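When a ligand or atom number is given, it counts from 1 through the structure's own listing order. Source: prediction; values computed, not measured.
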Amino acid sequence: MDMNSNNTPVLTDTAPITNSRLHVHSNLLPYSHTGATFPHGMLLNIPRKKTGILEDVFSCGWLDAMKSSSPPPKNKTKDVNHGFASSEADPYFNWLLKYPSALTSFDQITNYAKGKRIALFLDYDGTLSPIVDNPDCAFMSDNMRAAVKKVAEYFPTAIISGRSRDKVHEFVGLTELYYAGSHGMDIIGPVRQSLSVSHNHPNCIIKSTDKQGKKVNLFQPAAEFLPMINEVLKSLVECTKDIKGSKVENNKFCVSVHYRNVDEKSWSLVAQRVNDVLKGFPRLRLTHGRKVLEVRPVINWDKGKAVTFLLESLGLNNCDDVLPIYIGDDRTDEDAFKVLREGNKGYGILVSSAPKESNASYSLRDPSEVMEFLKSLVLWKQSPYKSHI
Ligand SMILES: O=P(O)(O)OC[C@H]1O[C@H](O[C@H]2O[C@H](CO)[C@@H](O)[C@H](O)[C@H]2O)[C@H](O)[C@@H](O)[C@@H]1O
């Protein structure tokens, strides 16, 4: 990783990148670009593919990734989603052997948490709110809000979302949490003087006050990309406006192109149009979410880095007596699961009703199980019989 003049973390890997998670070979990222200028050394040296026709999106696997990006509706996966998996013939049952339910393994988790301080990190869409067709209507239930509020009374709790920070804050509506929007590229955290990140990225931290007048640190490692994101946003809106059902969402430091409501026959068209627009923006890259293409800056920052940053801001990083737990449902949450797994730091919990490979340690089936898990944590913390304090 290199820094540019503003000390923004920048990916400078010059080897051809085959990102298996994205299924996009770097040679689909072109190198001509108009917009902000960047100092030498921070630009990726990416070989350019000349074709530009539909072969692009087929050969790089976008369509496969788009098709597999969200579990099909429940009636189409009847065998897997008929309730609690109970037989060895059931793929979900077998998957649970590798990713045990965090509810049935609750005692195991809390045994490990004895004498430790739990820090909670929660994704929003698909974790706290169910996946719905209209992203503007992904409301969280009042019961879930109450559960999150309660759990935050006992454990430091942060929401880490792909949405803009303002939007996710508006949906969750709780002031007692920490919020990271734009996949962790826009964080409000507590003020802490000796943050190691402030040595590496001094210009990315702004001292600010939140809506309650409390002093906070605002960390925006992709701040200089804002004009470029606004530019790509306009192009994406323009180029998809004739595709029925498509929707472009402004997430401040990234842009989502939704195709959940687009006829499957037109998914390749969505992919092609986005691909064509990205040819003019080599400093932006694409990740796949649940029936959504997410355009974001090429910087070495993700939800995993956001977890590390927040732990440090909370004074909980590199402490043996801290157990971070991250709950999420999406591919972008894998970066956070990985950080916890690799550092043997804590537990990732994948929310999924269908078997899939993950860096998480445990699983929960859906947001209703997430709520049950949060309530169980509160009861455990309140229990006079536990011996962890
Ligand atoms: O990191 P997250 O909080 O999980 O945000 C990821 C994306 O979530 C939203 O899209 C997803 O949920 C929508 C509402 O249920 C659904 O309609 C869409 O198909 C899903 O992809 C959000 O709208 C995106 O901007 C986020 O990037």
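Classification of D335 and K305 as a salt-bridged pair fails, no side-chain N sitting under 4.0 Å from a carboxylate O. Electrostatic pairing of D330 and R290 does not count as a salt bridge here, judged by no charged N lying under 4.0 Å from a carboxylate O.
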Per-pair distances, 0.1 Å, donor-acceptor, side chain in residues 338-349, under 3.5 Å, sequence neighbours excluded:
unit_1 : atom_1 : unit_2 : atom_2 : d
R341   : NE     : N359   : O      : 2.8
R341   : NH2    : A360   : O      : 2.8

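Residue pairs that meet the side-chain hydrogen bond (donor to acceptor under 3.5 Å, both in side chains) test with at least one member in residues 149-158, sequence neighbours left out, are K149-E176, K150-E153, Y154-Q382.
Geometrically, K167 engages F171 in a cation-pi contact defined by less than 6.0 Å to the ring centre and at most 45° from the axis.
Scored by the side chain to side chain contact (heavy atoms under 4.5 Å, CB included) test, K215 finds V191, T209 as partners (sequence neighbours excluded).
Closer than 4.0 angstrom to ligand 1 lie heavy atoms from D123, Y124, D125, P130, I131, V132, D133, P135, A138, S161, G162, R163, E249, N251, S256, H258, R260, R290, V292, E294, K303, D330.
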